[in-house]
Amino acid sequence: KDVQKEREPHVYLSKEEVKEKIQSYNSSVTDKLKMTLNANGIYTGFIKVQMELCRPITVQSSQSQGRCSHSNNETAFYLPEGCVNTLHISSTNTVREVIEALLKKFFVADNPAKFALYKRCHKEDQVYTCKLSDREHPLYLRLVAGPRTEMLSFVLREHETGEVMWEAFSIPELQNFLRILDKEENEQLQILKKRYAAYRDKLEEALGGVWKPG
């Protein structure tokens, strides 16, 4: 079960420290996804991001796959569970840029503001999940943690319900959410009515037994 972990402070590394860490990182890589240090101090490398999306994404219909429903030139479909994408980025790329690159790679038409990038760490038999701020640098986090994904992994999710940026959704999307909420509300109302009707029948039956002439 995931638990929230406080965000760790960013530690600035010297060029020499970065060089040493990259050498150590590359010596531990088993999938050939190594990092490269450029002369200007910027380094490039790869990160893997697991897509944990509960809601359907909207893409151009020519790129769609899976369970879908068509609307004009766009298609809404659910990504397969456990879908992982690999991105080649630089140390200057921010979380926001990584999210935008992921969506572009999947031809997603949804507003990037709907999504958030999380880091997941395993320490002392616990799983710590922390939402990254837009200005953090994922490749730096990957470098510091090393190449083992069980030590650090990245996850793309929708914003939690309480922090959804509703202005990022279109009018048809918002109207669809309202229809879904109305349907769920009616279903729950019918369940409650049946539950209390059964309770009332049993209560009346019990009362009838008490007052029945003996």
Side-chain angles (χ1 to χ4, degrees), residues 1-7 48-85 95-96 98-121 126-134 153-212:
K1 182 179 180 180
D2 291 357
V3 294
Q4 188 69 24
K5 183 176 183 294
E6 292 184 2
R7 186 171 289 109
K48 294 181 180 180
V49 181
Q50 184 169 348
M51 315 288 278
E52 292 186 355
L53 304 180
C54 300
R55 296 189 287 268
I57 58 174
T58 304
V59 300
Q60 296 297 321
S61 58
S62 60
Q63 301 295 333
S64 64
Q65 296 178 356
R67 183 157 54 98
C68 58
S69 58
H70 295 276
S71 175
N72 298 328
N73 294 325
E74 295 180 341
T75 302
F77 79 104
Y78 292 85
L79 280 177
E81 186 176 352
C83 179
V84 177
N85 203 280
V95 164
R96 180 50 47 189
V98 166
I99 293 175
E100 291 173 354
L102 275 172
L103 300 182
K104 183 177 180 181
K105 193 169 184 178
F106 276 96
F107 299 93
V108 177
D110 294 292
N111 193 322
K114 298 179 184 179
F115 305 92
L117 191 68
Y118 291 75
K119 68 174 181 179
R120 181 179 291 160
C121 308
Q126 290 280 359
V127 179
Y128 299 95
T129 301
C130 178
K131 188 176 76 170
L132 300 173
S133 70
D134 286 349
S153 59
F154 295 104
V155 180
L156 184 72
R157 295 175 177 172
E158 298 97 344
H159 279 293
E160 298 295 335
T161 303
E163 56 186 25
V164 172
M165 299 180 66
W166 295 110
E167 63 272 17
F169 291 84
S170 65
I171 296 299
E173 287 176 315
L174 294 173
Q175 290 173 337
N176 189 48
F177 289 153
L178 286 176
R179 284 193 292 269
I180 293 173
L181 289 174
D182 287 340
K183 180 181 178 182
E184 292 178 349
E185 182 181 7
N186 288 330
E187 289 174 350
Q188 291 300 318
L189 183 60
Q190 294 304 317
I191 292 173
L192 285 174
K193 285 182 176 180
K194 289 181 180 179
R195 182 183 302 170
Y196 280 98
Y199 177 79
R200 182 183 58 196
D201 291 342
K202 290 182 179 180
L203 183 59
E204 290 177 348
E205 182 181 349
L207 287 172
V210 171
W211 293 104
K212 184 177 180 180

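All values reported here derive from a predicted model rather than from experimental measurement. Sequence positions, counted from 1, serve as the residue numbers for this chain.
For Lys48, the side-chain contact (heavy atoms from CB on, under 4.5 Å) partners at least two apart in sequence or on another chain are Asp31, Leu33, Val84, Thr86. Remark: Lys193 engages Leu189, Gln190 in a side-chain contact (heavy atoms from CB on, under 4.5 Å) (not counting sequence neighbours).
Atom NZ of Lys119 is separated from atom CZ of Phe154 by 8.5 Å, given to the nearest 0.5 angstrom. Leu203 CG to Arg200 CZ: the interatomic distance, rounded to the nearest 0.5 Å, is 10.0 Å.
Scanning both residues, Ile99 and Phe115, for their nearest heavy atoms gives CD1-O, 3.9 Å. When all heavy atoms of Glu158 and Glu52 are compared, the pair lying nearest together is OE1-O, 3.8 Å. The shortest non-hydrogen separation linking Val98 to Leu117 is CG1-CD2, 4.2 Å.
With hydrogens and angles ignored, the 3.5 Å screen pairs no side-chain donor or acceptor of Glu100 with any backbone N or O of Pro112.
Arg157 is listed as a side-chain neighbour of Thr129, based on a closest heavy-atom distance under 4.5 Å. Here the side chains of Asp201 and Glu204 are in contact, with some heavy-atom distance below 4.5 Å.
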